[in-house]
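Below: the structure, in structure tokens.
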Amino acid sequence: MLAQLNNFEPAQLNAALLGGEDLKLAASLLYQSYYDDPLFMDIFRAADTDYEARLRSAIREELSTFWQAGQPIIGLFYHEQLLGVACVVGPDSGIGSSRLWHWRLKMLLTAGYVSTRQLLQKEEKIHAAMPAKRYHMLAFIAIAPKYQHAGLGHYLIHAVDALVDEDSASAGIGVFVTLEKYQRFFADDHYYQVSDLVFGSVSGTLMFRPRQNKQQG
């Protein structure tokens with residue numbers, strides 16, 4: 001399949017909002033992609049024996065919260081196969097730096113107090129550093145590991161761009177990046193560096209892409 005994807009026609013790819021029946025598959029894909037992410041390894045204590053279980057639970061709760069709050073979860077499909085996922089939080093989501101109480105309770109029961117507190121502190125710190133008051137936030141973006149390096153991430157991020165650019169209430173979209181290679185990826189999509197932030201033992205860069213006014217091209 002990977003060889004076919006390296007030679008795919010753009011028409012064979014389709015970005016669409018996921019339905020509730022796709023959430024389990026999306027959670028599995030995100031778990032594979034974020035398993036060795038430095039920030040998640042720090043927050044969920046990768047050295048502990050229950051790291052995998054707590055990370056899985058946290059990702060499931062995140063997706064459930066996005067879904068219940070009506071936030072867009074974008075899937076990239078090759079025919080019927082899900083290859084990538086992007087989760088976007090809008091400016092009027094009710095989640096983000098001020099999480100819904102039911103989410104906090106579920107996270108306390110699944111991920112634990114320390115991890116939940118660290119996640120909330122991370123979001124508050126990011127929110128305080130954002131260059132706009134009303135904005136979208138890219139919470140997750142991932143291509144299935146075995147299909148990476150085929151250019152698929154660009155198709156997925158362009159679908160995110162289109163969603164943000166259509167919302168006149170938003171100033172743009174932010175993302176927190178912990179690895180330099182992904183900074184280059186987002187820079188290619190007109191994200192600029194806002195500031196460097198540190199969470200525990202992990203440092204990263206907050207990046208922002210201003211919403212493009214379609215009337216201006």
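Scanning for side chain to side chain contact (heavy atoms under 4.5 Å, CB included) contacts around Ala15 gives Ile74, Leu76, Ala159, with sequence neighbours left out. Every residue was checked against the side chain to side chain donor-acceptor pair (under 3.5 Å) condition with Arg56, not counting sequence neighbours, and none meets it. Residues that satisfy the salt bridge (charged side-chain N to carboxylate O under 4.0 Å, His left out) test with Asp167, not counting sequence neighbours, are absent from this structure. Tyr51 pairs by the side chain to side chain donor-acceptor pair (under 3.5 Å) definition with nothing, not counting sequence neighbours. Taking Ser28 as the reference, Gln32 meet the side chain to side chain contact (heavy atoms under 4.5 Å, CB included) condition, with sequence neighbours excluded.
A pairwise comparison of heavy atoms in Leu156 and Gly84 identifies CD2-C, 4.0 Å as the closest pair. Nearest heavy-atom pair, Ser203 versus Val198, reported as atom, atom and distance to 0.1 Å: CB-CG2, 4.1 Å. When all heavy atoms are compared, the tightest approach of Gly75 to Leu82 is CA-CD1, 3.8 Å. For Ala129 against Leu206, the heavy-atom pair with the smallest separation is CB-CD2, 3.7 Å. Considering all non-hydrogen atoms of both residues, Ser170 and Val164 come closest at OG-CG1, 4.2 Å.
With rounding to the nearest 0.5 Å, the separation of NE2 in His136 from CG in Asp165 is 10.0 Å. Between the CD1 atom of Ile141 and the CD1 atom of Ile157 there is a distance of 4.0 Å, given to the nearest 0.5 Å. Rounding to the nearest 0.5 angstrom, the gap separating the SG atom in Cys87 from the CG atom in Leu63 is 5.0 Å. Between Leu13 atom CG and His79 atom NE2 the span is 8.5 Å, to the nearest 0.5 Å. How far CG of Leu23 is from CD1 of Ile73: 5.0 Å, rounded to the nearest 0.5 Å. Note: Leu55 CG to Arg60 CZ = 10.0 Å, rounded to the nearest 0.5 Å.
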All N/O donor-acceptor pairs, side-chain side in residues 171-194, below 3.5 Å, sequence neighbours left out:
| residue | atom | partner | partner atom | Å |
| --- | --- | --- | --- | --- |
| Gln183 | OE1 | Gln193 | NE2 | 3.4 |
| Gln183 | NE2 | Thr205 | OG1 | 3.1 |

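Contact annotation: the side chain of Phe140 never approaches that of Val85 to less than 4.5 Å [non-hydrogen atoms, C-beta and beyond]. In this structure the side chain of Val88 never reaches within 4.5 angstrom of the side chain of Gln71, judged on heavy atoms. Side-chain contact between Leu30 and Glu62 is absent, with no heavy atoms from C-beta onward closer than 4.5 Å. Proximity of His127 to Met137: side-chain heavy atoms (C-beta onward) are nowhere separated by under 4.5 Å. Counting heavy atoms from C-beta on, the side chains of Tyr135 and Phe208 come closer than 4.5 Å.
Using a distance-only test at 3.5 Å, with no hydrogens or angles considered, a donor-acceptor pair links the side chain of Gln212 to the main chain of Pro210. At least one donor-acceptor pair under 3.5 Å links the side chain of Ser33 to the backbone N or O of Leu29. The backbone N or O of Ile143 sits less than 3.5 Å from a side-chain atom of Gln148, completing a donor-acceptor pair. In this structure a side-chain-to-backbone donor-acceptor pair under 3.5 Å is present from Asp37 to Leu39.
Ring-plane geometry between Tyr35 and Tyr31 is classed as perpendicular, the angle between the planes exceeding 60 degrees on a 0 to 90 degree scale with a lower cut at 30.
Among residue pairs with one or both ends in residues 125-140, those qualifying as salt bridge (Lys or Arg N to Asp or Glu O under 4.0 Å) are Asp92-Arg134; sequence neighbours excluded. Contacts classified as salt bridge (Lys or Arg N to Asp or Glu O under 4.0 Å) and involving residues 70-80 (residues at least two apart or in different chains) are not found.
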